[in-house]
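For reference, the structure is listed below as structure tokens.
When a residue number appears, it is its place in the shown sequence, counting from 1.
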Amino acid sequence: MQAWQVHELGEPGEVMRLAHVERPTPGEGQVLLRVRAANINFPDALMCRGQYQVRPPLPFTPGVEICGETEDGRRVIANPALPHGGFAEYAVADAAALLPAPGALDDAEAAALHIGYQTGWFALHRRARLEAGETLLVHAAAGGVGSAAVQLGKAAGATVIGVAGGADKAAVARELGCDVVIDRREQDVVAAVKEATGGRGADVVFDPVGGEAYTQSAKTVAFEGRIVVVGFAGGAIPSPALNHALIKNYAILGLHWGLYNTKNPKLVQHCHEQLTELAARGAIKPLVSERVPLAGAADAVQRVADGATTGRVAVVPAAENGAAA
């Protein structure tokens, strides 16, 4: 089969190599899956660089989120068991963790439903306890995780303010349903949030960026607001001023979604059921901006790493053989 492999660490576009390799052999409790679509996540790029908390042994195949097909023909969503990741024609995954792919979504959309939407759901509902009528501020609103948070916020009845970088990404944020869109390249984010909220600020802030975005979060969070720290796509890890949190009376919440897979996997299943129901009634639908063939995976991962994409980019191996996603 064909699979992308990383033999040395570095930028994805430089270290990912497409090779002919043997199909992976499932271990105990694992299953072999034909990859119907693999969604690209920022952690894929971090893994190539050796900067992610999970560091598979070299050589490894990146790709942490797929829609796959079991040997008996079931469409499932899975997190491949590294080092046999999803940017390949076949991957392996833990049988106990397979989730049914929603019938309302195609393969690329189903592949994109899992990590980003689970992250958004746990951040907004489990950690921040978002309520209908509250105001939600989403950084990187046109990105993969941000776009999920926007849709989930709207589905929960919140007023959503989206921050995006540039006119094209701002347009995507509007299409996603943001009530207010702030172009951080053209506007003062802090001033714009205060204007949109009548000076009150946002009840919940979803921050997958860190750095300057976190500074803006602290300045715009409302009384008894909640900032959910989801990641540091901007590269800089902030050091929160706890005296500021005390004086302003807000909470700083961390979310590492992957921990729930081991600490409380039943919640992951419950979340998937909620997401499947939302997808069935059209309340959420992953924004898949591109579907690329397997041969284009390295370039696509690099563009995601560079912040040059919107929504989700999916690698569809079958597309090279003329099959639809």
Side-chain angles (χ1 to χ4, degrees), residues 1-27 30-68 77-94 97 107-108 111-112 114-116 119 143-145 208 231-235 237 256-258 261 288-309 312-321 325:
M1 72 167 191
Q2 285 191 307
W4 285 92
Q5 291 195 318
V6 175
H7 287 267
E8 59 183 3
L9 300 178
E11 287 301 303
E14 299 174 1
V15 300
M16 288 177 61
R17 297 282 184 268
L18 188 58
H20 286 276
V21 300
E22 294 294 322
R23 288 185 186 179
T25 302
Q30 295 182 330
V31 293
L32 180 70
L33 299 173
R34 182 175 71 85
V35 179
R36 296 176 66 108
N39 180 50
I40 298 174
N41 287 270
F42 195 67
D44 294 316
L46 294 178
M47 216 173 290
C48 289
R49 295 168 175 165
Q51 297 175 345
Y52 195 55
Q53 54 259 39
V54 177
R55 299 188 179 186
L58 297 170
F60 68 88
T61 297
V64 296
E65 179 178 45
I66 68 169
C67 174
I77 294 173
N79 298 126
L82 300 173
H84 303 295
F87 302 146
E89 292 179 304
Y90 288 86
V92 294
D94 294 333
D107 293 339
H114 193 38
I115 296 175
T119 297
V145 177
F232 312 106
I237 299 176
H256 177 193
W257 169 76
N261 285 304
V288 180
S289 58
E290 296 180 62
R291 292 168 169 81
V292 301
L294 186 60
D299 174 69
V301 175
Q302 187 63 58
R303 287 187 289 113
V304 170
D306 294 340
T309 61
R312 288 300 193 185
V313 179
V315 178
V316 187
E320 294 190 333
N321 299 322

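- In plain terms, the two heavy atoms of Ala111 and Ala37 that are nearest each other are CB-O, 3.6 Å.
- For the pair Ala93 and Leu33, the tightest heavy-atom approach, listed with the atom from each and the gap, is CB-CD1, 3.9 Å.
- Across all their heavy atoms, Gly86 and Pro80 have their closest contact at N-CG, 3.8 Å.
- Minimum interatomic distance between Arg36 and Val316 (heavy atoms only, all atoms of both residues): O-CG1, 3.5 Å.
- Separation of atoms CD1 (Ile66) and CG (Asn39) is listed at 11.0 Å; rounding is to 0.5 Å.
- Exactly one of Val92, Val54, Thr61 qualifies for a side chain to side chain contact (heavy atoms under 4.5 Å, CB included) with Leu82. That residue is Val54.
- Glu89 and Gln2 make their closest contact through OE1-N, 2.8 Å (heavy atoms, listed as atom of the first residue, atom of the second, distance).
- From Ile40, atom CD1 reaches atom CZ of Phe87 across 5.0 Å, with rounding to the nearest 0.5 Å.
- Taking CG of Leu18 as the start and CG of Leu294 as the end, the distance is 5.5 Å to the nearest 0.5 Å.
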- Do Leu9 and Arg49 pass the side chain to side chain contact (heavy atoms under 4.5 Å, CB included) test, and can you show the C-alpha distance, the side-chain angles, and the key distance before you say yes or no? CA-CA 5 Å; Leu9 300 178; Arg49 295 168 175 165; over 6 Å; no
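- Without hydrogens or angle criteria, Arg55 side chain to Gly50 main chain gives a donor-acceptor distance under 3.5 Å.
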- Message: For Met47 and Val64: C-alpha separation, side-chain torsions, deciding distance, then whether side chain to side chain contact (heavy atoms under 4.5 Å, CB included) applies.
- Response: CA-CA 10 Å; Met47 216 173 290; Val64 296; 3.7 Å; yes
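- A distance of 10.5 Å separates CG of Leu46 from CG of Asn41, quoted to the nearest 0.5 Å.
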Would you give me the side-chain donor-acceptor pairs under 3.5 Å for residues 20-27, sequence neighbours excluded?
unit_1 : atom_1 : unit_2 : atom_2 : d
Arg23  : NH2    : Tyr90  : OH     : 3.2

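- Using modelled atom types, no side-chain atom of Gln5 and backbone atom of Pro59 make a donor-acceptor pair closer than 3.5 Å.
- Formation of a donor-acceptor pair under 3.5 Å by the Ser289 side chain with backbone atoms of Val313 is not found in this model.
- Distance check, rounded to the nearest 0.5 Å: SG of Cys67 to CZ of Arg34 gives 9.5 Å.
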- Could you give me the CA-CA distance, side-chain angles and deciding distance for Phe42 and Asp44, then say whether side chain to side chain contact (heavy atoms under 4.5 Å, CB included) is met? CA-CA 5 Å; Phe42 195 67; Asp44 294 316; over 6 Å; no
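- Gln30 places no side-chain N or O within 3.5 Å of a backbone atom of Ala81 that could act as its donor or acceptor partner.
- Across Arg312 and Gly116, no two heavy atoms sit closer than the pair NH2-CA, 3.5 Å.
- Atom-to-atom distance recorded for Phe232:CZ and Gln51:CD is 13.5 Å, nearest 0.5 angstrom.
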